[in-house]
Amino acid sequence: MHPHIWYPFTQAKTSPPPLKVKSARGVWLELKDGRKILDCISSWWVNIHGHTHPKIAEAIFRQATELEHVIFAGFSHEPAERLAEQLTERLPNGLNRVFFSDNGSTAVEVALKMAYQHWVNQNQQRQKFIAFEGAYHGDTFGAMSVGSRSIFTQVFSDMLFEVDFLPYPATYIDDPEIVKREQEVLNQLQEKLEGNPKAYAGIIIEPLVQGAGGMQMCRVEFLQKLHQLAQQFDTLLIFDEVMTGFGRTGDWFACLKAQVTPDIICLSKGITGGFLPLAVSICSEDIYASFYSDDPIKTLYHGHSYTANPIGCAAALASLELMVENEPAFKGMEEKHLQHLTKLREDPKLEPKIEKLRVTGTIAAMDIVNSQESGYLNKISLVIREKAIEKGFLLRPLGNVLYLMPPYCITDEELSMAYQGIGDILGSL
């Protein structure tokens with residue numbers, strides 16, 4: 001460990017030393033010792049076009065020579081305005097007010113504040129949110145509150161506000177009970193909303209895929225029925241697409257794939273292609289209108305020094321251009337995942353070791369069967385991470401959940417290499 005660095009999500013006393021990365025290109029990382037590692041998870045799910053893409057690098061350079069930063073209160077600039085226009089053009093009609101921030105947790109924090117104050121500004125005290133078990137929405141206090149109570153939040157449990165949690169109707173390939181489980185969740189939701197419809201400021205969900213919660217996947221049909229109930233009981237629906245946005249689910253956004261228009265959407269991670277921190281919370285005109293007032297107390301008092309940083313916006317604009325170029329790749333990856341997952345499932349040596357195989361768009365996942373309790377602390381993760389590095393792959397299982405989330409530039413040969421490596425690792429367990 002470096003003597004002056006405190007690494008994230010790391011217990012310094014027990015963790016092995018971090019691997020030092022010298023450079024990266026496309027799907028490949030080069031370590032200081034010369035080894036090359038195939039990045040199967042897009043680093044922290046952000047490098048959607050691969051590492052050091054020259055188009056984004058060039059956009060950053062050009063912007064840095066013109067305007068590197070300016071206060072975004074009382075001023076504006078072209079990169080932010082263009083980015084807001086292009087994002088709203090891609091999103092469903094009705095999501096047209098863009099609030100800039102710098103990371104996924106903050107995007108969620110802003111969304112919660114928007115939703116809560118939207119009702120306050122209309123003289124309604126709606127003080128509760130509905131969220132889903134297994135959720136992860138970030139590490140700030142509001143984001144932790146609407147996230148699953150887990151080892152990530154345990155220390156701070158007394159400081160988190162009360163939230164009503166519902167089961168997340170996770171599914172997998174050939175799941176025979178999913179329709180029944182979905183209806184049970186919807187019945188619970190309807191019961192809560194009918195019991196006190198004015199109690200809830202909003203419902204927040206990771207649409208189609210829960211990320212850190214174990215790559216749990218739900219169906220389009222569930223999201224559509226969830227949306228119908230939110231509309232029926234006049235409750236705001238928040239989609240946390242920090243991870244699922246920008247092609248990850250096989251469409252530009254999960255809301256487009258589900259044909260659902262939430263009231264607020266949170267975006268980050270892939271927005272700049274992994275180059276710079278940036279995030280947005282985008283809401284409906286109706287929510288924006290509730291803040292538009294002569295009364296200063298109705299202002300959304302939120303911001304930070306680097307709001308709508310021009311260089312970050314320039315990187316995001318270049319990334320959107322690459323999204324257009326890579327659309328066949330992210331829309332076609334699900335079928336490729338399915339082919340490889342089928343081979344794994346049909347391998348008699350591996351079949352007893354894996355279960356609940358699932359795929360949504362560019363994300364494939366499976367549960368590793370072992371004697372330990374399922375969840376983030378399952379130690380099989382450390383074993384697989386070590387074996388993967390030895391074989392030249394970056395895999396970072398979420399406990400006993402092994403997943404792939406590669407950059408869109410990965411070739412068929414490289415994807416086959418990744419699955420071959422997974423097969424070899426699983427075979428050695």
Side-chain angles (χ1 to χ4, degrees), residues 16 37-42 45 133-134 136 148 150-151 167-182 184 208-219 222 248-250 333-406 410 412-429:
I37 306 294
L38 197 159
D39 187 350
C40 301
I41 60 171
S42 304
W45 316 342
E133 295 169 3
Y136 174 82
S148 178
S150 67
I151 192 170
Y168 190 86
T171 189
Y172 51 91
I173 297 171
D174 296 332
D175 179 359
E177 300 290 332
I178 183 56
V179 175
K180 178 183 176 183
R181 288 203 307 277
E182 287 175 348
E184 289 172 351
L208 296 183
V209 186
Q210 283 187 332
M215 297 300 162
Q216 303 302 311
M217 300 179 184
C218 73
R219 299 195 310 159
F222 174 75
R248 277 300 172 199
T249 64
M333 196 177 292
E334 180 169 316
E335 183 59 36
K336 295 175 182 178
H337 277 314
L338 283 169
Q339 292 172 6
H340 288 290
L341 289 176
T342 299
K343 291 179 182 178
L344 290 181
R345 188 166 61 165
E346 292 177 349
D347 187 330
K349 298 190 299 297
L350 303 183
E351 190 272 336
K353 300 180 179 182
I354 54 178
E355 64 180 6
K356 296 183 178 178
L357 280 68
R358 51 200 183 269
V359 59
T360 297
T362 69
I363 307 166
M366 67 197 78
D367 291 4
I368 308 301
V369 179
N370 66 0
S371 59
Q372 301 172 41
E373 182 179 353
S374 297
Y376 188 81
L377 295 181
N378 190 300
K379 293 182 180 179
I380 195 66
S381 170
L382 300 177
V383 175
I384 293 175
R385 284 163 60 178
E386 183 177 339
K387 288 179 175 292
I389 291 296
E390 290 174 358
K391 291 181 174 296
F393 301 101
L394 170 55
L395 293 169
R396 191 180 174 91
L398 298 159
N400 65 310
V401 176
L402 177 58
Y403 71 93
L404 286 90
M405 194 187 300
I410 193 168
D412 291 349
E413 181 182 5
E414 289 165 339
L415 187 61
S416 294
M417 288 172 56
Y419 272 100
Q420 180 62 52
I422 287 173
D424 292 342
I425 292 168
L426 294 176
S428 70
L429 296 179

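Everything quoted here is computed from the prediction, not taken from an experiment.
- Shown here for Gly211 and Leu398, the closest heavy-atom pair between the two residues is O-CD1, 3.3 Å.
- Minimum heavy-atom separation, Pro397 to Ile384: CG-CG2, 3.7 Å.
- For residues 392-401, every residue pair satisfying the side chain to side chain donor-acceptor pair (under 3.5 Å) rule, not counting sequence neighbours, is listed here: Ser374-Asn400.
- A pairwise comparison of heavy atoms in Ser381 and Gly399 identifies CB-O, 3.3 Å as the closest pair.
- Across every non-hydrogen atom of Leu341 and Ala364, the tightest pair is CD1-CB, 4.1 Å.
- Taking every heavy atom of both residues into account, Met215 and Ala365 meet most closely at CB-CB, 3.7 Å.
- Once rounded to the nearest 0.5 Å, the distance linking CG of Leu395 with OH of Tyr403 reads 8.5 Å.
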Next item on the list: Assess whether side-chain contact (heavy atoms from CB on, under 4.5 Å) is satisfied between Arg345 and Asp174, documenting all intermediate values.
Entry: CA-CA 12 Å; Arg345 188 166 61 165; Asp174 296 332; 3.1 Å; yes

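- Legend: side chain to side chain donor-acceptor pair (under 3.5 Å) pairs involving residues 417-429, not counting sequence neighbours, sorted by first then second residue: His337-Tyr419, Gln420-Asp424.
- Under the 4.5 Å side-chain criterion, counting only non-hydrogen atoms from C-beta, Leu338 is in contact with Ile173.
- The shortest side-chain heavy-atom distance between Cys40 and Leu394 does not fall under the 4.5 Å cut-off.
- Taken to the nearest 0.5 Å, the NZ atom of Lys336 stands 14.0 Å off from the CG atom of Leu404.
- For Arg358 (side chain) and Thr171 (main-chain N/O), no donor-acceptor pair under 3.5 Å exists by modelled atom type.
- Although no hydrogens or angles enter the test, the distance criterion places no donor-acceptor pair under 3.5 Å between the side chain of Glu414 and the main chain of Leu38.
- Between the side chain of Thr362 and the backbone N or O of Arg248, at least one donor-acceptor pair lies under 3.5 Å.
- Between the CG atom in Leu429 and the CG atom in Asn370 there is a gap of 8.5 Å [rounded to 0.5 Å].
- Here CG of Asn378 is found 12.0 Å from OH of Tyr376. Values are rounded to the nearest 0.5 Å.
- In terms of modelled atom types and a separation under 3.5 Å, the side chain of Thr249 and the main chain of Thr360 share no donor-acceptor contact.
- If you take NE2 on His340 and CD1 on Ile422, they are separated by 10.0 Å, rounding to the nearest 0.5 Å.
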Margin query: Working note: Leu426 + Met366, criterion side-chain contact (heavy atoms from CB on, under 4.5 Å); need CA distance, chi angles, decisive distance, verdict.
Written below: CA-CA 11 Å; Leu426 294 176; Met366 67 197 78; 4.2 Å; yes

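- Proximity of a side-chain donor or acceptor of Gln216 to a complementary backbone N or O of Gly214 within less than 3.5 Å is detected.
- Counting only distance, with no hydrogens or angles, the side chain of Gln210 and the backbone of Cys218 share no donor-acceptor pair below 3.5 Å.
- Contacts of Glu182 classified as salt bridge (Lys or Arg N to Asp or Glu O under 4.0 Å), with partners at least two apart in sequence or in another chain: Arg219.
- Note that CG of Leu357 and CD of Glu355 are 9.0 Å apart. Values are rounded to the nearest 0.5 Å.
- Proximity of a side-chain donor or acceptor of Ser42 to a complementary backbone N or O of Met405 within less than 3.5 Å is detected.
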Notebook entry, point to check: Which is it for Lys356 and Val401 under the side-chain contact (heavy atoms from CB on, under 4.5 Å) test, yes or no, and what are the steps along the way?
Noted result: CA-CA 10 Å; Lys356 296 183 178 178; Val401 176; over 6 Å; no

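- Judged by distance alone, the side chain of Lys387 and the main-chain N or O of Ile425 form no donor-acceptor pair under 3.5 Å.
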